[in-house]
Amino acid sequence: MTINVGDKIPSVGLATMGAEGPEGISTDDIFSGKKVVIFGLPGAFTPTCSAKHLPGFVEHADAINAKGVDTIACISVNDAFVMGAWGKDQNVGDNVMMLADGSADFAEATDLVLDLTARGMGIRSQRFSMLVDDGVVKSVNVDEGTFEKTSAEQMLSDL
Ligand code: BEZ
């Protein structure tokens, strides 16, 4: 079952890119006691994700935080090296936490897998956005063909 409003975020291990290399981080570390906007996408450096999805959250980060959000996180089935490089390329700074779901554990546990094997991209994440308060899902939007539903602008107007 796809993760839904009222569900608890599953406990899985993820990674971020630190100064010395990849660093492990758990979903418990990220979500406990915090209001978090998390958005997922099929891949770093892919056209829609690079041109629209991630830049929207960077642009609107201050406005989203001003609504009481502690953390904005971007998650993708890529390794921490790629997510770190993409974050630098997109000048995310401290505005967006770049999370590597390298083995698709989060995508699998939330039933948000996107199978792009036929396109040579393997198992990825669907495009989605969620508002999570202290580990409990308050809203979830999954892309059904239009990127806008999961955009920063939509999240901002829903907050
Ligand atoms: C994108 O543009 O975001 C995209 C392109 C190909 C596969 C997945 C995502």
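Each ligand, and each atom within it, is numbered from 1 in the order the structure gives. No hydrogens, no waters, no symmetry mates; every other heavy atom, side chains included, goes into these values. Throughout, numbering of the chain's residues begins at 1 and tracks the sequence.
Across all non-hydrogen atoms, the minimal contact from Leu41 to Cys49 is CB-SG, 3.7 Å.
Residues forming a salt bridge (charged side-chain N to carboxylate O under 4.0 Å, His left out) with Arg124 (at least two apart in sequence, or on another chain): none. For Glu144, the salt bridge (charged side-chain N to carboxylate O under 4.0 Å, His left out) test picks out Lys149, with sequence neighbours left out.
With salt bridges taken as basic N to acidic carboxylate O contacts below 4.0 Å, none links Lys34 and Asp70.
Each of Pro42, Thr46, Pro47, Thr48, Cys49, Leu116, Arg119, Met121, Arg127 has a non-hydrogen atom positioned under 4.0 Å from some atom of ligand 1.
Residue Val36 is found in a hydrophobic cluster whose other members, listed by chain and number, are Ile3, Val5, Ile9, Val12, Leu14, Ile25, Ile30, Phe31, Ile38, Ile75, Met97, Leu99, Phe106, Leu112, Phe128, Met130, Val132, Val137, Val140, Val142; membership requires side-chain heavy atoms under 4.5 Å apart, directly or through intermediates.
Within the 4.5 Å cutoff, the side chain of Thr110 has heavy atoms near those of the Pro10 side chain.
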